[in-house]
Amino acid sequence: MPWMEDRDPYKVWLAEVVLQQTRVEQGLPYFRKFVQKYPDVSHLAAVEESVFFKDWEGLGYYQRARNLLKAARCIVAQRGGEMPTSYEEWLRLPGVGPYTAAAIMVFAFERPYPVIDSNVARVLARLWNVAGDVSRAPQRQELHALYEKWRGRHSPSDFAQALLDFGAMQCVAMRPDCASCPLQRYCIAHAREVVDDVPPRRKTLKEQVYFHYLLIEDHRHRVLVTKRRNGTFWSGLYEFPVVESKEAFLDEKGLIAHLAAATTCRVMLHYTGLERHQVLSHRRVHARLYRFSVLEGVGEHDFIQQYKQGIWADAAQMKLLPMSRLMDFFRQWWLGQITQSS
DNA sequence: TACCCGTGGTT
DNA sequence: TAACCAAGGGT
């Protein structure tokens with residue numbers, strides 16, 4: 001891994017946060033971009049949040065970006081830019097939990113903390129047939145003890161890297177190739193033929209939500225966008241004004257009725273035919289794009305005040321706003337329309 | 001503790 | 001296809 005070349009705590013921290021719940025292949029391009037653009041913690045602390053949000057666009061779990069900036073500013077403000085050197089100090093920073101703090105102590109400082117992510121937990125749980133949910137406290141404790149005992153006097157970082165790699169490449173979650181596994185003869189889960197059930201599968205519930213995005217343009221090729229509020233998913237990202245429904249897509253009459261409750265403007269809708277869905281960690285979002293216009297004699301600006309606060313963005317501004325992958329699909333389509341018409 | 005939070009790959 | 005999963009953390 002690139003951050004192991006110099007073991008710079010800043011780079012190790014950055015990499016571990018980027019890689020939280022994220023595959024290495026997916027996160028690595030972002031890590032490289034961040035190191036290039038923000039070579040040390042003072043550069044990171046100085047960047048405006050809206051700019052960094054754009055840098056983070058497409059990586060997901062956007063709260064990580066906020067916490068990373070908060071932590072960087074803590075390190076600069078409270079420590080003069082000196083990176084923490086103890087597990088406890090790292091743990092106090094926002095966005096740094098037990099895994100990340102341990103990984104930093106091990107990879108940057110070669111200190112003996114147990115680096116137990118989902119890969120390592122799976123390897124240990126199978127080898128010793130640890131029953132139950134590995135995210136619960138008793139199991140975590142047992143895995144911790146097994147890890148320490150197995151590591152013995154091995155190098156903390158070599159052992160951690162070995163287990164991470166072994167979990168990612170050999171002892172994989174789905175359909176592991178136990179026949180080729182060098183540890184098969186030691187594996188209790190294999191002996192008891194329960195490898196596929198250890199650790200137990202997660203249960204994920206997906207709620208369906210239906211978004212009706214409203215494309216509202218003025219006469220100068222500007223479009224109305226709003227910022228998603230705190231307490232919602234994708235909070236802080238920008239989108240076209242949206243009407244959300246939990247049951248199903250609304251028909252145009254239903255949409256008009258919904259809008260009539262929020263604005264006194266008389267409005268018109270026209271479905272663009274553009275539909276797209278995206279699966280999130282706990283939701284499935286279905287979206288359709290509607291052209292929206294206000295009837296003659298009533299300005300769109302009145303609509304903004306009456307319906308939602310927003311900003312009018314031209315093509316150049318639109319490209320700078322951080323958006324979800326779903327909204328990015330509609331944005332790209334809109335940019336194409338603008339290019340064609342001008 | 002249980003639930004929330006993105007996106008992309010695999011089966 | 002739909003489910004499952006990934007170098008987890010916050011609340």
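Chain naming here is simple, since letters A, B, ... match the order of the sequence lines and numbering starts at 1 in each.
Of the two residues contacting DNA chain B, namely Arg175(A) and Val279(A), the nearest-nucleotide position lying further toward the 5' end is that of Val279(A). When the nearest nucleotides of DNA chain C are assigned to Glu25(A) and Val96(A) by heavy-atom distance, the more 5′-ward of the two goes with Glu25(A). Closest-nucleotide positions on DNA chain C for Arg122(A) and Lys70(A) were compared, and the one nearer the 5' end corresponds to Arg122(A).
In Glu207(A), the CD atom is crowded: over 12 heavy atoms of neighbouring residues, nucleotides or ligands sit closer than 6.0 Å.
For the segment residues 28-53 of chain A, no residue has any heavy atom less than 4.0 angstrom from an atom of DNA chain C.
Across dT7(B), dG8(C), dC5(C), the shortest atom-to-atom separation from the side chain of Leu280(A) is found for dT7(B). You'll find that the side chain of Ser324(A) is closest to dT7(B), out of dG9(C), dT7(B), dC5(C). Nearest nucleotide to the side chain of Arg201(A), out of dC4(C), dA7(C), dG9(C): dC4(C). Ranking dG10(C), dA7(C), dT7(B) by closeness to the Gln26(A) side chain, first place goes to dT7(B). Residue Trp3(A) has its side chain nearest to dA7(C) when only dA6(C), dG6(B), dA7(C) are considered. Picking from dC5(B), dT7(B), dA6(C) the nucleotide with the shortest atom distance to the side chain of Gln278(A) gives dT7(B). Comparing dA7(C), dG8(B), dT11(B) by their nearest atom to the side chain of Met174(A) picks out dT11(B). Among the nucleotides dG10(C), dG8(C), dC5(B), the one closest to any side-chain atom of Phe233(A) is dC5(B). For Arg283(A), the side-chain atoms get nearest to dC4(B) when compared with the rest of dC4(B), dT1(B), dG10(C). Of all nucleotides listed (dG8(C), dT1(B), dG8(B)), dG8(C) comes nearest to the side chain of Thr100(A).
Judged by the 6.0 Å and 45° rule, Arg288(A) forms a cation-pi pair with Tyr271(A).
Between Trp3(A) and Phe31(A), the gap from one ring centroid to the other is short of 6.0 Å. Aromatic ring centres of His270(A) and Tyr290(A): separated by at least 6.0 Å.
Taking atom CG of residue Leu19(A) and atom P of nucleotide dG6(B), one finds them 17 Å apart after rounding to whole Å. Rounded to whole angstrom, the span from the CZ atom of Arg325(A) across to the P atom of dC5(B) amounts to 19 Å. Counting to the nearest Å, the P atom of dG8(C) and the CG atom of Leu93(A) are 19 Å from each other. Rounded to a whole Å, the NE2 atom of His282(A) is 9 Å from the C1' atom of dA2(B). In this structure, the CD atom of Gln20(A) is 13 Å from the P atom of dG6(B), given to the nearest Å. Taking atom CG of Leu237(A) as the reference point, atom P of dG6(B) lies 7 Å away to the nearest angstrom. The CG-P distance, from Leu124(A) to dA7(C), rounds to 15 Å in whole Å. Taking atom CG of Asp197(A) as the reference point, atom P of dC5(C) lies 11 Å away to the nearest angstrom.
In summary, Asp314(A) and Arg220(A) do not engage in a salt bridge, as defined by a charged side-chain N under 4.0 Å from a carboxylate O. With respect to Arg66(A) and Glu49(A), a salt bridge is recorded, a charged nitrogen being found less than 4.0 Å from a carboxylate O. A salt bridge links Arg228(A) with Glu244(A): at least one charged nitrogen is closer than 4.0 Å to a carboxylate oxygen. A salt bridge between Glu217(A) and Arg291(A) is present, with a side-chain N of the basic residue lying under 4.0 Å from a carboxylate O of the acidic one.
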side-chain contact (heavy atoms from CB on, under 4.5 Å) between Phe53(A) and Leu237(A), intermediate numbers included: CA-CA 8 Å; Phe53(A) 238 55; Leu237(A) 300 185; 3.6 Å; yes
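The residue Gly58(A) sits close only to the backbone: its heavy atoms come under 4.0 Å of sugar-phosphate atoms, none of a base. Using a 4.0 Å heavy-atom distance criterion, Gln161(A) is classed as a base contact. The residue Ala173(A) sits close only to the backbone: its heavy atoms come under 4.0 Å of sugar-phosphate atoms, none of a base. In this structure, Thr22(A) reaches the bases: a heavy-atom distance under 4.0 Å links it to at least one base atom across the strands shown.
Phosphate contact (OP1/OP2 of dC5(B), side-chain N/O of Trp56(A), threshold under 4.0 Å): absent. Neither OP1 nor OP2 of dT7(B) sits under 4.0 Å from any side-chain N or O of Arg23(A). Of the side-chain N and O atoms in Tyr62(A), one or more sit less than 4.0 angstrom from OP1 or OP2 of dT7(B).
Nucleotides dT11(B) and dA7(C) have their P atoms positioned 14 Å apart, rounded to a whole Å. A distance of about 22 Å separates the P atoms of dG8(B) and dG9(C), rounded to the whole Å. Distance check on atom C1': dT1(B) versus dA6(C) gives 23 Å, rounded to whole Å.
Using cut-offs of 30° and 60° on the angle between ring planes, the pair His154(A) and Phe159(A) is parallel.
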